[in-house]
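Below, chains carry the letters A, B, ... as their sequence lines are ordered, and counting in each starts from 1. As a basis for the values below, the full set of heavy atoms in this structure was taken, side chains included, without hydrogen atoms, waters or symmetry mates. None of the values given here were measured: they were computed from a predicted structure.
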2 protein chains.
Amino acid sequence: MTKRPADPTNGSAPAARQVPMRDFSRSLPMSLLRAREAVMRQFRPSLREHGLTEQQWRILRALASIEAAEVTELARTAFLLGPSLSRILRDLEARNLIERKTAKADQRRSMVSISKEGVKLMAAVAPTSEAIYAEITSRFGARKLAELQEMLGELEQSLAGLGAGNEASAEE
Amino acid sequence: MTKRPADPTNGSAPAARQVPMRDFSRSLPMSLLRAREAVMRQFRPSLREHGLTEQQWRILRALASIEAAEVTELARTAFLLGPSLSRILRDLEARNLIERKTAKADQRRSMVSISKEGVKLMAAVAPTSEAIYAEITSRFGARKLAELQEMLGELEQSLAGLGAGNEASAEE
DNA sequence: GGGAGATACTTAACATGTTAAGTGAATGCG
DNA sequence: CGCATTCACTTAACATGTTAAGTATCTCCC
């Protein structure tokens, strides 16, 4: 019961299987990674033509939809960690795609918003981006896509507050 | 038909919605990213305790299951780009977790394999890792998990050979 | 058998992911 | 008021993602 037969896809691995584990290529993290990569591969070339990375695009989109936001709020919306966001905002600001001004009430906070140039850039990128998304939807099926996203959301939910684990226990 | 009502979740954004797009937070790439992050968040602490990153762990697992492999093959299996793999192999070799020897027949290729130390490390990490995976499976449901992975695979399939696009057309 | 082209990596350069530490500004409380 | 904490970022340091170049081999065909 401690061993498992070798995966049929590599029929002749001689040894080194002391540690039985799930078939590597079928782990959930790998499945998610591969799927996401398959999707992003479609978008990157178009973004690249406009000098944008995936993350920069996420930020612009987030800003376009929420008008102005504090950095922390933006990080949550664009799903980026603070340090990444900090760097990217610095660069986007240098390119005049966003604007930043410190809040009056609380000098620690700064409000970020998209600039006119930023809006213009979005207008240039959005059509292609939407077309690609439509193509993906069409290929995979709109219904299935909705189902998939539903399941992904449930997965996220079911793991919420598991990794945070030590919420009120040890603290070291 | 060119406009869409604002998302109900941010009822009062004043302007800057010149570019209508899907609700940002519900795009497929974001769903996949969030789901993957929710999963990986569970594993990272344990890996970290053993001084391993997610990618390093992927490589060790891949090597443990296929015995020895060329770098290119390993890149495909562990789903890493060549440059990343090159760096990681350099580091893993320095830590004596893997071994490398150039192939006799073709001096360009090198065969990579896991070392005894590498196997030992895997043995130390695997139990926790499997336990976490079991917990995730249990929370989300084994059946649903299988379904999800099935859909992810189909998504990948349906996009195969779309981004490669220019396979035999333009060439710069 | 020799040189053009293909292969299998490796390096380089820049951007982000991830964790820890730093900085300046608010807050709470004695 | 005064000062320790907390907060909202920003920097720093190290690892990987991503694309483009570089290097050493190998292949093939004239």
Side-chain angles (χ1 to χ4, degrees), chain A residues 29 33-34 36-59 69-76 78-95 97 100-112 163 171-172, chain B residues 29 33-34 36-59 69-76 78-95 100-112 163 166 171-172:
Chain A
L33 181 59
R34 300 179 79 101
R36 187 175 140 82
E37 177 54 26
V39 173
M40 287 314 303
R41 195 198 312 289
Q42 314 304 320
F43 291 98
R44 265 191 284 268
S46 158
L47 291 177
R48 190 157 217 288
E49 279 179 18
H50 294 279
L52 288 175
T53 65
E54 175 195 338
Q55 293 80 357
Q56 293 167 348
W57 177 236
R58 284 220 299 274
I59 291 172
E70 297 170 13
V71 173
T72 300
E73 182 189 357
L74 188 55
R76 195 167 33 72
F79 207 66
L80 292 169
L81 293 178
S84 295
L85 184 53
S86 230
R87 282 176 305 212
I88 299 175
L89 288 181
R90 164 167 51 69
D91 299 347
L92 291 180
E93 188 173 23
R95 287 167 64 182
L97 295 176
R100 196 159 20 171
K101 54 185 174 190
T102 57
K104 300 155 205 150
D106 189 336
Q107 298 293 99
R108 293 171 304 180
R109 299 162 195 271
S110 71
M111 301 302 289
V112 185
E171 45 186 279
E172 161 53 358
Chain B
L33 182 58
R34 300 179 78 100
R36 188 176 140 81
E37 177 54 28
V39 173
M40 286 316 303
R41 195 197 315 287
Q42 314 305 318
F43 290 99
R44 265 192 285 268
S46 157
L47 291 177
R48 188 156 218 289
E49 278 179 19
H50 295 279
L52 287 175
T53 66
E54 176 195 337
Q55 293 82 356
Q56 292 168 348
W57 177 236
R58 285 221 298 275
I59 292 172
E70 297 169 14
V71 173
T72 300
E73 182 188 357
L74 188 54
R76 194 167 35 71
F79 208 65
L80 291 169
L81 293 178
S84 295
L85 184 53
S86 233
R87 281 177 305 214
I88 300 174
L89 288 180
R90 166 167 50 69
D91 299 346
L92 290 180
E93 189 173 22
R95 287 167 63 182
R100 195 158 24 171
K101 53 186 173 189
T102 57
K104 300 156 203 151
D106 188 337
Q107 297 295 102
R108 292 171 306 180
R109 300 163 195 269
S110 71
M111 302 303 288
V112 185
N166 335 356
E171 52 184 272
E172 161 62 3

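Between A/Arg58 and A/Phe79, the shortest heavy-atom distance links the atoms NH2-O, 3.3 Å.
Between A/Gln56 and C/dT16, a side-chain N or O to OP1/OP2 separation shorter than 4.0 Å is present. In this model, the phosphate group of D/dG17 is approached by a side-chain N or O of B/Ser84 to a distance below 4.0 Å at OP1 or OP2. Distances shorter than 4.0 Å separate some side-chain N or O of A/Thr72 from OP1 or OP2 on D/dC9. At D/dT18, one or more side-chain N or O atoms of A/Arg44 fall inside 4.0 Å of OP1 or OP2 (strictly under the cut-off). For C/dA8, the OP1/OP2 oxygens have a side-chain nitrogen or oxygen of B/Arg109 closer than 4.0 Å. Of the side-chain N and O atoms in A/Gln55, one or more sit less than 4.0 angstrom from OP1 or OP2 of C/dG17. Between B/Arg100 and C/dT10 there is a side-chain N or O to OP1 or OP2 distance below 4.0 Å.
The residue among B/Ala105 and A/Glu70 whose nearest nucleotide of DNA chain D lies closer to the 5′ end is A/Glu70. Residue whose closest nucleotide on DNA chain C sits further toward the 5' end, between B/Gly82 and B/Arg87: B/Gly82. Along DNA chain D, the nucleotide nearest A/Glu73 and the nucleotide nearest A/Glu37 are compared for position; the residue whose nucleotide lies closer to the 5' end is A/Glu73.
Put simply, CZ on B/Arg41 is 9 Å from P on C/dT18, counting in whole angstrom units.
Heavy atoms of A/Leu85 sit nowhere under 4.0 angstrom from any nucleic acid atom. Here A/Arg48 lies in heavy-atom contact (under 4.0 Å) with sugar-phosphate atoms only.
Taking CZ of B/Arg108 as the start and OG1 of B/Thr72 as the end, the distance is 10.0 Å to the nearest 0.5 Å.
When the nucleotides C/dT18, D/dT11, D/dT18 are ranked by their closest atom to the side chain of A/Leu81, C/dT18 comes out on top.
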